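Reviewing the structure listed below.
Just follow the structure's listing: the first ligand is 1, and inside any ligand the first atom is 1. Just so it is clear, the structure is predicted and the values come from calculations on it, not from any experiment.
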Amino acid sequence: MEKKRKVSLSGIQPSGKITLGNYLGSIKNWVDIQDSDEFDNRYCVVDLHAITVRQNPDDLREQTYQLFAQLLAAGLDPDKCVLFIQSHVPGHPELSWVLSCFTMFGELSRMTQFKDKSQRHADNVNAGLFTYPVLMAADILIYDADIVPVGEDQRQHVELARDIAIRFNNRFPGSFVVPEAFIPKEGAKIMSLQDPSRKMSKSDSNENAYILVMDSPDDILRKFKRAVTDSDSRVAFSEDKPGVSNLINIYSVATGKTVAQVEAEFEGKGYGAFKPAVAEAVIELLRPLREKSLELLKDRAYLEDVMAKGAQKARDITDAKVMDIYDRLGFVRRR
Ligand code: TRP
């Protein structure tokens, strides 16, 4: 019999557009894990999570299509992974309810993302914002995921999913695999082009702070030309030069060159030469992604077909898992 492979699962929100930071920090890692052929892969667009803050319905729908197309364009292959929309798989919210009864109020109160978001959306501190990490735990545990590739900012949520799994397993042994966060090397952390102390984020009010996967080459060039650097003009990586260091990091990831190679390449050349070179590298990195996405978006029926097939595969796994957990809890079997 074939040895059972480990499972990798992750999710990404369809709130807003996808940035270079999302691509390098998340999506590219998923594609690399998929292509390593070492894991069974499950990746989803987490639209249920997106409504914890108010969304315009038409925008949400459009962003979901866009994100799904970008995931395919980036190289996620529906024959190699289960790729789906979270709201198409009812097992996620079903398990979420169960897990919420195994999660403590105090634990959820300590989540930094909840504290942040409830400050930023003080007029809408809804229960979904509070229980968001429980739904995320359900996303993970329902597939018995071994690894969860995420950014550093999601580590605390994955830790909570572990704690919930362990607690549930103590009461009902062997129910869930206890997952582990899989956080990529520092190289992939892309900061704002306007304030390099902050992560590059699509929710930034200044659109020059981020590069979108769908930005035109002209936009990309303009944004890099305006990127914040510092007063001297040496292309050198150091803690007291966060703006330039961020650009070096981006150039390094986009070209595959090491930081030392980048420094040597621009020795004595200054920012006037360096910034357009970074822009050019990013334009070429994103070009195939953007072109393929635009092509896929012309064929909604195709996208919907891929979504439906992904959801069916996901339901085959999750329906069985929910039944198993319901049995353990003592619910009468539904038929
Ligand atoms: N909370 C994650 C984020 O904001 C998205 C997410 C939802 C997720 N469910 C998940 C990530 C399950 C990994 C696994 O980035």
When the side chains of residues 271-280 are checked against the rest of the protein, which donor-acceptor pairs come out under 3.5 Å, sequence neighbours left out?
unit_1, atom_1, unit_2, atom_2, d
Y271, OH, D230, OD1, 2.6
Y271, OH, D232, O, 3.0
Y271, OH, R234, O, 3.4
Y271, OH, K241, NZ, 3.2
K275, NZ, K225, O, 3.1
K275, NZ, A227, O, 2.8

- line: Per the under 4.0 Å non-hydrogen criterion, ligand 1 touches L9, S10, G11, Q13, V46, H49, Y132, M136, D139, I140, V148, V150, Q154
- line: So the side-chain hydrogen bond (donor to acceptor under 3.5 Å, both in side chains) pairs with at least one residue in residues 100-110 (sequence neighbours excluded) are E107-R167
Contact check, side chains of L193 and N208, non-hydrogen atoms, under 4.5 Å: no
query: Side chains of Q34 and D77: do they bring a donor and an acceptor to under 3.5 Å?
result: no
- prompt: Under 3.5 Å, is there a donor-acceptor pair linking the side chains of D219 and S216?
  reply: yes
Sequence neighbours excluded, every pair satisfying ring pair (Phe, Tyr, Trp, His ring centres under 6.0 Å) that has a member inside residues 315-335: Y326-F331
